[in-house]
There are 2 protein chains.
Amino acid sequence: MNAFFNPKGIALVGASANPAKGGYAILKNLMIGFKGGIYPVNPRYGEIEGIPCYSSVPDVPDPVDLAIIFVPGKKVLPVVRDCAERGIRAVMIESGGFAESGFEGKAMQKEMDRIAGEKGIRIWGPNCMGLVDAVNRRIFSFVSPAIWEHLIPGNVSLIVQSGMLSGAFLIDRMSHGFMGISKVCSVGNKADVDECELLDYLIRDPETHAVGLYLETISDGRNFMEICRNSSKPLVLLKGGKSPGGAAAAMSHTASMAGDSAVISGALAQVGVTEADDFDHLTDLCRTLASYSYVESSPKGRVAVLTYSGGAGIVSADFLHGKGLEPACLSPAALASLKEIYPDWMQPSNPVDLWPAVEKSGAAKAYDTAFRAICADPGVDALFLHVFAGGFNLNIDLSEAQKLAGAAGKPVFCWLMGDSGEAKAFQMKTQALGIPVYREIRRAVECIHAVFERKRFMGSGAPREIICDSFRVSERANELLAGEKGVLDEYLSKIILSGCSIPTVTERIISDGEDGIRALSEIGGPLVMKGLIPGQIHKSESELIRMWLISEAAIKEHHKDIRSKIGDTGKVLVQKQIKSGVELIAGLIRDPQFGPCVMFGLGGILAEVMKDRVFASAPLTHDEALDLIGRLRTRQMLDGFRGSVPLDRNEMACILVNLGRLGLAFPQIREIDINPLIISEGKPVAVDATVILEPQF
Amino acid sequence: MNAFFNPKGIALVGASANPAKGGYAILKNLMIGFKGGIYPVNPRYGEIEGIPCYSSVPDVPDPVDLAIIFVPGKKVLPVVRDCAERGIRAVMIESGGFAESGFEGKAMQKEMDRIAGEKGIRIWGPNCMGLVDAVNRRIFSFVSPAIWEHLIPGNVSLIVQSGMLSGAFLIDRMSHGFMGISKVCSVGNKADVDECELLDYLIRDPETHAVGLYLETISDGRNFMEICRNSSKPLVLLKGGKSPGGAAAAMSHTASMAGDSAVISGALAQVGVTEADDFDHLTDLCRTLASYSYVESSPKGRVAVLTYSGGAGIVSADFLHGKGLEPACLSPAALASLKEIYPDWMQPSNPVDLWPAVEKSGAAKAYDTAFRAICADPGVDALFLHVFAGGFNLNIDLSEAQKLAGAAGKPVFCWLMGDSGEAKAFQMKTQALGIPVYREIRRAVECIHAVFERKRFMGSGAPREIICDSFRVSERANELLAGEKGVLDEYLSKIILSGCSIPTVTERIISDGEDGIRALSEIGGPLVMKGLIPGQIHKSESELIRMWLISEAAIKEHHKDIRSKIGDTGKVLVQKQIKSGVELIAGLIRDPQFGPCVMFGLGGILAEVMKDRVFASAPLTHDEALDLIGRLRTRQMLDGFRGSVPLDRNEMACILVNLGRLGLAFPQIREIDINPLIISEGKPVAVDATVILEPQF
């Protein structure tokens, strides 16, 4: 990869002397800051902008280790071959007309990929905007040269799949000057070099402190996860193509399939990647996490808000609450300090409304006293300052503030209102200090939340004890997995699950009413009786479930009734009736990008509508399984809802770990659904389950 | 109110010659644009800034119809009395130190209110920043004079409860120049003049096209709703104090209680008010709805996206999907026009990625052709343009575009990226054309959604047929409501409900096992048997519910068992077992601000955790009840989920209407809970219910 990022000499194939052409723009961009050799290639010119131009790649003198190609799509392949012949092993193709443009283009891209493999060269692109390195002023892109004057070097690097967007996005960010850039990589069609390689490079790049990614596809989900998992730097991802509409657009745009957003979100959460949902959100998260990739304060994320407006304090508290970040409860010492700057009639509390203190004690004293008081409070983990630029004096000596906060290990965040000119000046100054500033309270709180989510994730880095037993599969389960095909009924499915240490309800098949009566005395009432019909998954709608059977008469009566409804191939199952409790769902799916993924969620009739289901890619560590459980939006249900016994989360985590192991060990398993998995006296028990095996394997 | 907005002469009590004081700022602000008489009052000065100063209010010559008071809190009351004596009937008090500042201040505010009532004068404030009228350049506020130079007159008026915020907020907005302002009213403590009166005035103000409100309390919810309901202008509200933390801040800030956010959201939705969640969100919604208070296109809100970036198109489609606004499906004619500007290899679709067309046909032709094609497409209701300012030519003649779109009755929205200077120029230009521009896709889509939500709301303006029967209450229900107190058991509760035409399950109390067997033959099996214990609401946890009773033996057995668990005061109820279906919850609560409110939501064990409950203030029209049902997030459950019969929404609406009528007719009803209300073959049936009456009435 080094030849792409630090080339000694560059052959620019498709260089042009016409200022309206991209081939001219690339040349001018190279001339801005690239210190190595620049070799334009175009048979139509002898020189361009005073630089000698060569008629073909073989003519280019040494040193040259990177070729940038910008000729029409159909002329690209011969040039790639030329490069290979010439010994240039890094090729960046910015031309379009490949996999994104239909059948013919796809075939060309495939051929290109083949040549790359055969000749041992690396290809970046095609259909991309190349690379921009703001720190070293290397601009390998056809985006108009006029825009680079604003380029602010910094420590955030970006990987962007969409071509056009990388240019537009950069200009927008740069001209606002709110985020310093290290490297921007536009990956395009990913014929060869993909986001994984680039990410791996950037994570090891000392000039990069955080990486933001805009991706429409993730080529190799499991490899991507592995790279993210081992990153010590914050990573932020915006995934395009989530909704059905969005996915359709993704297909036509980069000829790629979008994965299931719940699976992707789960995989990202599992490896500590922060997810963004908009372009601004992406850059705001990147610049925040680049400033605060590690914070010393407690992961509780208790925020103190200093505001000049009670109203803005209220709105901040609302957003903090919505994100699960409660305002800090101030210590008596902090409250006493605040009392000194407050008028008599006002009791200080958090959010700290400074306006009355400003009126009584002056802005400088009020801000300074309040900031120091809160910075020293051990119950405060982060400082959220509301500042106003211009017109009033609602401000603070930020370099002093940053020093104080830094010494206390507490991150500072600013919400800024103000006159636009003064606001911009303020923002530039705070950026230089490493304090992130936001123009919206909502966005500020989203970023504070991301910092503490990362803190929590990093905190769980040390391996905790794994409580699950080692993975054993019973003989009977092995037999079933080897011998059966397609949809297994709940009885067989639960034999497999219990054979892998997943707790299931006590149950057996009964041959007739008399056998049912024997089962009643063996298992003990009340019993549930179910009619099983081969291939039928949902029983509750078809009245094949009877509950509360406690008498011999009832057993006989219901057996007769169910028997009459299920035909000759049906079986009648009786099981111990589990005391009613919260119903969960757990399972396993196979994702084309992320492989076997474990699912956990709310069960029962609402499961499909609420969509409160979380995913993680197998294998899961015990800790990852615990984190997965904690990601459920309705997790309140698990913690002793309405006086019930709380879920044994360790037990639940073992089930999830084992589901993942099952998926990895037996590729013939297409899908597992445990629904419901009932919390009974705190223990999860699989009450109904379906294992679906590949029809042919 | 006219004396506040259009005074002939103003007495400024507390005028000062010291530029550091608010009493000086108000005077300078008055001098900026107020054309009537200005009369400073302060015994310490003979004149200020060349204007004669009076020593007391009685000395002020005519014409004077408004007094602005800015003296320390404790000196305010005598001045108010002076004003009353002097015949000044409109008093604006900008001083603080009243109800927001503890016991003594509260007493002063109460006395002020008493004087106002007695003397027939109107008081605005105290603890406020007064009034700014940007169109007529009347600035009745102590906010620093320097800031008003940016004031852009426009058609959006604001009512802001928080004092400090109104000033800061205004400066921020003004200096960015994105929203033209008509009037800003800072209401403060609302001792007399409140948001209702101001809103009523602004709705009738021809210079105001939309009103934005930031409120921490709503003084009289039912009056506020009435005013909103009758407004032809778009209204947007940001309610501070939603979360527990936020509410605590609200209490200390303006000495007021925050209402339940679900109740407020319900009431706002009922009368067509758009809810904002942040200050920027508030202004973005206001400027959008002021531009598009009415759109001609279909309320379906099918959006066509024109973009220069496939990636941004994907993100837009994702957000549209998330808001329930699907991208439009383009007509063959539109696709044919697009095909002409596209390269051969690319199939046009929506989102319309224009970059390949720009490369082939040039930006001007590509944008113009695409815009015309989509504007003419009858399946497109709104146009979402992605534009780029500076660097490329990714733009369009917007005044021409606005004309075309206007003729087609379709609103245009812009998402803007670009160089910051050029972006601002672009934004000013589009604002003058009435096209709203956004810097974030998420925000743009939120605003597009708000325009079509309003369209839907306005579309339901014509009264539809009311299907519910007239409200009759049975004799037995009347007796129970008159005679009982406290928590009624489910049997009595359902007698009341069925007595008001709310369908309930067939059931009766049984005296013993034999009576139970008689009930089985009367009602027909399977039966449910329940043990009722006086005062106990939740039965499911205590095993007092038995289902699937179909035999005489089972009836006897379970009766005996339940009887043994409920004590002498308990009753045994048997009811027809309803075929299992979706469980809902419906009910009635009394809100201190909005009176009796009907609740509708998801029932069963998840109800409390999911919090998917919607509210509406009674009385409800049948249409409002239908809208209420449609606001449920999980409404998909109602429409034939998993092959079940869809809910009869008219029947459900009648139940909700009748619950509201019950609450209005019987003030002794404190609360009603119907839980569950089961959808059985499409019909809602109350299976369990609790009516709670006032313990003393």
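Below, chain A is the first sequence line, B the second, and so on; all start at residue 1.
- Taking the side chain as every heavy atom from C-beta outward, B:E440 and A:H281 never approach each other to under 4.5 Å.
- Counting all heavy atoms, side chain and backbone alike, A:D278 lies closest to B:I441 at OD2-N, 3.3 Å.
- Between B:D280 and A:R439 no salt bridge is recorded (no basic side-chain N to carboxylate O distance below 4.0 Å).
- Of the atoms belonging to A:L416, it is backbone heavy atoms, and not side-chain ones, that fall under 4.5 Å from chain B.
- Counting all heavy atoms, side chain and backbone alike, A:L238 lies closest to B:V315 at CD2-CG2, 4.3 Å.
- Side-chain contact between B:M417 and A:F279 is present, with at least one heavy-atom pair separated by less than 4.5 Å.
- One distance of note links OG of A:S551 with NZ of B:K556; it measures 13.5 Å at 0.5 Å rounding.
- Between B:R443 atom CZ and A:R442 atom CZ the span is 5.0 Å, to the nearest 0.5 Å.
- Within the 4.5 angstrom heavy-atom criterion, only side-chain atoms of A:E557, from C-beta onward, approach chain B.
- Pairing each heavy atom of B:I314 with each of A:E216, the nearest pair is CD1-CD, 3.5 Å.
- For the side-chain contact (heavy atoms from CB on, under 4.5 Å) test, residues two or more places apart in sequence or in another chain that qualify with A:K360 are A:P343.
- Scored by the side-chain contact (heavy atoms from CB on, under 4.5 Å) test, B:P526 finds B:W548, B:I550, B:Q577 as partners (sequence neighbours excluded).
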